[in-house]
Engineer: 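Got a structure for you, written out below as structure tokens; questions coming shortly.
Chain identifiers are assigned alphabetically (A, B, ...) following the order of the sequence lines, protein sequences preceding nucleic acid strands; residue numbering begins at 1 within each chain.
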Number of protein chains: 2
Amino acid sequence: MKNENILKAKGYKITRPRVAVLDLLTKQTKPLSVKEIFVKLKREHDLASIYRILKLLEEVEITFAEAIGGEKYYHLGKDQHHHIVCQKCGHVECLPCNHLFNKIKNFTNIKHQLTLTGVCNKCNNN
Amino acid sequence: MKNENILKAKGYKITRPRVAVLDLLTKQTKPLSVKEIFVKLKREHDLASIYRILKLLEEVEITFAEAIGGEKYYHLGKDQHHHIVCQKCGHVECLPCNHLFNKIKNFTNIKHQLTLTGVCNKCNNN
DNA sequence: ATTCTACTTGCAAATGATTTGCAATTGTGT
DNA sequence: ACACAATTGCAAATCATTTGCAAGTAGAAT
């Protein structure tokens with residue numbers, strides 16, 4: 001199902017800023033920070049609205065977010081893939097599994113972090 | 001080498017707050033947020049100092065940090081292991097590889113994020 | 001043990017990311 | 001085109017983190 005239809009199906013309106021964010025994310029090959037999205041959309045939309053839109057898109061599972069160095073980065077889609085981030089300049093690249101070892105050659109001093117999230121027992125019970 | 005000696009060897013002083021943070025981290029079995037460290041130390045030390053201490057400890061590789069949902073969590077040591085985080089309450093558990101599948105049984109709706117960090121080509125060249 | 005000095009801390013204020021309240025605006029069904 | 005609820009834009013609040021600076025303290029020298 002097309003992303004806009006997912007929104008519509010759940011009763012959300014198709015608004016200019018939402019379309020703008022979706023269209024922008026569709027073109028990306030790497031995750032964007034909220035600020036980057038704001039700027040790439042030429043500051044035509046309110047930053048707070050972009051935050052709200054991204055949170056909504058995350059809730060309906062059109063996008064997903066990752067915390068990289070104190071900032072959230074957003075992505076379309078659910079296909080699992082990963083990232084490699086420069087410790088100095090913050091440059092981010094996507095890391096589909098089959099490219100992993102090629103990309104890694106371009107970095108030194110490699111470290112990794114794996115974080116799983118789920119819903120814990122306690123939260124499942126109330 | 002003992003952690004305090006690592007500091008001393010690099011010319012840093014062994015101060016009350018630094019010892020307090022190190023001692024606290026030594027007792028933990030899970031990563032702590034800065035706020036948690038501040039509270040567990042009974043607010044006896046300045047929050048800004050704790051930030052500075054943790055940043056220092058990270059630089060000299062006594063601790064390492066991970067961004068979990070917009071907040072940094074700190075750990076002693078370099079041994080690689082991972083975390084599972086409740087999406088609702090933020091509860092964090094450590095995930096040594098050999099325990100991975102046991103822990104996962106206590107969570108539902110599991111997703112994962114792998115982030116590698118390194119130093120990229122550009123940063124290596126200047 | 002006392003003094004000296006540079007490194008550290010504590011406090012307050014700044015910064016950066018994100019959230020929230022609210023009035024004005026705008027999709028969407030009728 | 002109308003009406004209403006959902007959504008946006010703006011401003012102000014909040015939360016994590018950083019920074020400037022004066023006062024305090026660890027550790028070397030005396």
Engineer: Can you check the E4(B) CD to dT8(C) P distance for me, whole Å?
Structural biologist: 14 Å
Engineer: Mind grabbing the angle between the end helix axes of the helix from dA1(C)-dT30(D) to dT30(C)-dA1(D)? Five pairs an end, 10° rounding.
Structural biologist: 40°
Engineer: Could you check whether any side-chain N or O of E58(B) sits under 3.5 Å from a backbone N or O of K55(B), counting only pairs where one atom can act as donor and the other as acceptor?
Structural biologist: no
Engineer: Can you check whether L24(A)'s main-chain N or O pairs, donor with acceptor, with Q28(A)'s side chain at less than 3.5 Å?
Structural biologist: yes
Engineer: Between R18(A) (CZ) and dT8(D) (C1'), how many Å, whole number?
Structural biologist: 9 Å
Engineer: With the side chain counted from C-beta on, respond yes when F38(B) and H45(B) share a heavy-atom pair under 4.5 Å apart, and no when they do not.
Structural biologist: no
Engineer: Find out whether L54(A) and I50(A) are in side-chain contact, i.e. whether some heavy atom of one side chain is under 4.5 Å from a heavy atom of the other.
Structural biologist: yes
Engineer: Nearest whole angstrom, please: distance from the P of dC11(C) to the NE2 of H45(B).
Structural biologist: 12 Å
Engineer: Verify side chain to side chain contact (heavy atoms under 4.5 Å, CB included) between Y12(A) and V60(A), making sure each step is shown before the conclusion.
Structural biologist: CA-CA 10 Å; Y12(A) 296 108; V60(A) 302; 3.9 Å; yes
Engineer: I need the NZ-P distance between K10(B) and dT8(C), as an integer number of Å.
Structural biologist: 14 Å
Engineer: May I have the distance from E44(B) (atom CD) to dT8(C) (atom C1'), rounded to whole angstrom?
Structural biologist: 17 Å
Engineer: Can a donor-acceptor pair be found, under 3.5 Å and without considering hydrogens, that links the side chain of E36(B) to the backbone of S33(B)?
Structural biologist: yes
Engineer: For nucleotides 17-30 of chain D, just jot down a letter per nucleotide in 5' to 3' order: B, S or -, based on protein non-hydrogen atoms under 4.0 Å.
Structural biologist: BBBB-----BS---
Engineer: Would the distance check show the side chain of R18(B) and the main-chain N or O of K13(B) forming a donor-acceptor pair, the cut-off being under 3.5 Å?
Structural biologist: yes
Engineer: Please report the distance, rounded to the nearest Å, between CD1 in I53(B) and P in dG10(C).
Structural biologist: 7 Å
Engineer: In whole Å, I'd like the distance from the CZ atom of F38(B) to the C1' atom of dA16(D).
Structural biologist: 13 Å
Engineer: What pairs of nitrogen or oxygen atoms, one from the protein and one from nucleotides 14-16 of chain C, lie under 3.5 Å apart?
Structural biologist:
none

Engineer: Does NZ in K30(B) sit with more than 12 non-hydrogen atoms of other residues, nucleotides or ligands closer than 6.0 Å?
Structural biologist: yes
Engineer: Take the protein atom CD1 of I68(A) and the nucleotide atom C1' of dA17(C), then report the distance between them rounded to whole Å.
Structural biologist: 15 Å
Engineer: Are the side chain of E71(A) and the backbone of A67(A) linked by a donor-acceptor contact shorter than 3.5 Å?
Structural biologist: no
Engineer: Do L76(B) and L57(B) make a side-chain contact, defined as non-hydrogen atoms from C-beta onward lying under 4.5 Å apart?
Structural biologist: no
Engineer: Would a 4.5 Å heavy-atom cut-off, applied to side chains only, mark N3(B) and L25(B) as touching?
Structural biologist: no
